[in-house]
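Proteins get letters first, then strands, A, B, ... in listed order; numbering begins at 1 in each.
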Amino acid sequence: MSTENTKNVCEDQVYAQVFKSHSKTVFNYIYYKFGNEEKARDAVQEAFLKLWENCAKVAPEKAKSYLYTVANNLSLNVIKAEKVRLKYADKALKNTHETPEFVLEEKEFKVKLDHALNSLPENQRTTFLLNRIDKKKYKEIAEIEGVSVKAIEKRMHLALKTLRSKIDGI
Amino acid sequence: MQDNYLAKWLNNELTEKELAEFKTSSEYNSYQQIIDAANTLEAPEFNSEEVFSGLKNRQLLTETKVVQLQPFKKFMRVAAAAFILLFAGYYYVNTLGEKVATEYAQKQEITLPDNSEVILNADSEITYSKKNWSSERKINLNGEAYFKVAKGKKFSVETDAGKVSVLGTQFHVENRENIFEVYCYEGLVSVSYEGKETKLPAGSSFVVIDGNIISYTLETASFPSWIKDESSFKSMPFKFVLAEFERQHNIEVATENVNLTKLFTGSFSNTNLDLALKSISIPSGIKFKLEDKKVLFYAEKAE
C-alpha cells in the first residue's frame, strides 16, 4: 500500500487493486461473525460501494480499515446471526491411509469442532478463524477489529480454551 | 506460563522451557488436535470477480441516476444563456439602431425617418434610433454634419463637446478634436456648451477653438460651403485648415517652418487638389511639394 500513497481510490486501477487485496477477507470476516454467506457478500458490495462514493475522502492507506468498519456497521443492522458452516479440505484424508475407525473418529471430531465454533462468542470465533483460515497475523486482526494486539492474543487464547472444553465435554 | 500462552504457542512465541512444559501437559494433545482440524478448514467460496462485476454494475446504476438529471440541467443552463443573449442582443440593436459613417474624402446624404436631412462631411459618424425616432429625435454626432430639420418636436444633436437642440431649421455642427462649431442658417438653434445655453439666430455661429468661444455672424451663405465641395474658413488657425485639407483629399500633410497658429481666412476646393494646394499656399506665402499621397508645406525662411 505504501506505493499507492500518492494515488487516489477514485482511480479505477487503485480501486480495483484495493478490491483485489481486501474483498475476500472482508467477506470472510463478516461471514465468521454472522454465518450468513449471502449477507456477507452483500456487505462486501455495500462497503466497496460506499468506498467508491467517498473515494475522494478516503486515503488509500485508510481504505482497509474503512472497509471493515463499514461492512461491520452495515451487517450489525441487517444480519441476524446464524450458524457458521465451514468446509474441511479433504486433502488431509486422502494423503494418509488411516483405519476406518480413525476416519470415523475424525469425522465425529469435526462435527464437535463445528458445534464448538458456533458456540464461541462472535469476537473469539472471528479472531480464531481469521488466524487459522486467512493466516492473518495478530497485528492485522488487531487493525481490523480496532483493538490492541494483546486483546487479540487474549481472544485467541480464550477461543482455544473454550473449544477444548466444549469438545472434551469438560 | 505466560499470559495467553495458547496464542503465543500458535505464534511460536513460547520459550523452549515453556514449550516443553506445555507439551507434557494433559491438554496438549487436545489442543494439537483442534489446531490440526482447524487448519483444514476453508471459508465459503467467494468469487471476487463476480462480486466485482456486480459492484461495477451498481456503480453504473448510481452514476446513471446522476447523469439522467444533468442533461436537463445543462439544457436549462444553455437555454437561459441563449435567452439572455437574444434579449440583450435585441435590446442592443433596438437602442443603438442606425449608424452611418463616412471615410476620408467622402460625403454622404442621409434622410431621417421624418424626412429631415443630414449631410455628413468626410470622416464623420452619426448614430440614431430608427424605432424611437417618432418619440425622440436625437442624433449622436462625431465629426461634421449639416442638418435640414423638418418641423416638429425638438430635434437634438449630441456630441462630446456640447448639445444642439432645434425645432425646425437648417444648421451645421462640427465636432472634431479641439474644435466645436455650430452654424445656424435658418430658424433658431439652442447650443448647450459646458452647461451654458446659447440661442443662435439665423445667420450666426458658435465656435469653440481650443476651448475659446468665438461667435460671429455669417455673411450670405445659406448652407455650409462644403456642401458645394468647397471648404471655407474665417480666422481659423492654420492647423485646423490643414486637418480639414487632409480629410477632404485623403492625403497626408507634413509641414516645415510653418506657423500653425496663424489665422487663415479663405477657402479651398474639395475636388480639385491642385487648385486647393494653391488656394492654401499662395495666400499664406508658403510653398508645397506633392509626392503621391503626401504633401509637404514649407516656408523657405523661418517665420
query = Rounded to the nearest 0.5 Å, how far apart are CG of A/L113 and CD1 of B/I35?
reply = 9.0 Å
Where B/A43 and A/K24 come nearest, the two heavy atoms and their spacing = CB-NZ, 4.2 Å
ask   = Can you tell me how far CD of A/E153 sits from CG of B/L10, rounded to the nearest 0.5 angstrom?
value = 10.5 Å
message = Within this structure, what is the CG-CD1 distance for the pair A/L117 and B/I34, rounded to the nearest 0.5 Å?
response = 9.0 Å
query = B/Y31 and A/L163: side chain to side chain contact (heavy atoms under 4.5 Å, CB included), yes or no, with the steps?
reply = CA-CA 9 Å; B/Y31 286 130; A/L163 286 174; over 6 Å; no
ask   = Is the shortest heavy-atom distance from the side chain of A/R132 to the side chain of B/T40 under 4.5 Å?
value = no
query = Which value, rounded to the nearest 0.5 Å, describes the distance between A/H157 atom NE2 and B/K8 atom NZ?
reply = 11.5 Å
ask   = Any side-chain heavy-atom pair from B/V51 and A/Q45 closer than 4.5 angstrom?
value = yes
query = Considering only heavy atoms, which portion of B/E50 lies under 4.5 Å from any heavy atom of chain A: side chain, backbone, both, or neither?
reply = neither
task = Evaluate the ring planes of A/Y15 and B/F52, with Trp represented by its six-membered ring, and classify them as parallel (under 30°), tilted (30 to 60°) or perpendicular (over 60°).
result = tilted
inquiry  = For A/K161 and B/L6: C-alpha separation, side-chain torsions, deciding distance, then whether side chain to side chain contact (heavy atoms under 4.5 Å, CB included) applies.
reply    = CA-CA 8 Å; A/K161 272 198 115 144; B/L6 292 172; 3.6 Å; yes
message = Using heavy-atom distances under 4.5 Å, tell me whether A/D12 contacts chain B through its side chain, its backbone, both, or neither.
response = side chain
query = Shortest non-hydrogen contact from B/N4 to A/K154?
reply = OD1-CA, 3.4 Å
ask   = Is there a side-chain contact between A/I133 and B/E42, using heavy atoms and a 4.5 Å cut-off?
value = no
inquiry  = Any non-hydrogen side-chain atom of A/I167 less than 4.5 Å from a side-chain atom of B/Q33?
reply    = no
request  = Please look at A/I152 and chain B and tell me whether the side chain, the backbone, both or neither of the residue comes under 4.5 angstrom of a heavy atom of that chain.
outcome  = neither
query = Would you say B/K17 has more than 12 foreign heavy atoms packed within less than 6.0 Å of its NZ?
reply = no
task = Check whether more than 12 heavy atoms from other residues, nucleotides or ligands sit under 6.0 Å from atom NZ of B/K163, and answer yes or no.
result = no
inquiry  = What's the separation between atom OH in A/Y138 and atom CD in B/E13, rounded to the nearest 0.5 Å?
reply    = 7.5 Å
ask   = B/F46 ring centre to A/R41 NZ or CZ under 6.0 Å, with the angle to the axis within 45°?
value = no
ask   = What part of A/A16 lies closer than 4.5 angstrom to a heavy atom of chain B: side chain, backbone, both or neither?
value = both
ask   = Going by the disulfide bond (SG atoms under 2.5 Å apart) test, which pairs reach into residues 40-73 of chain A, not counting sequence neighbours?
value = A/C10-A/C55
query = Can you check whether B/L55 reaches A/W52 side chain to side chain, under 4.5 Å on heavy atoms?
reply = no
ask   = Relative to chain A, which segment of B/E49 carries a heavy atom at a distance below 4.5 Å: side chain, backbone, both, or neither?
value = neither
key: Spacing of B/D36 atom CG and A/F109 atom CZ [to the nearest 0.5 Å]   = 8.5 Å
inquiry  = Taking side chain as everything from C-beta outward and backbone as N, CA, C, O, which of these in A/Y31 sits under 4.5 Å from a heavy atom of chain B? Side chain, backbone, both or neither.
reply    = side chain
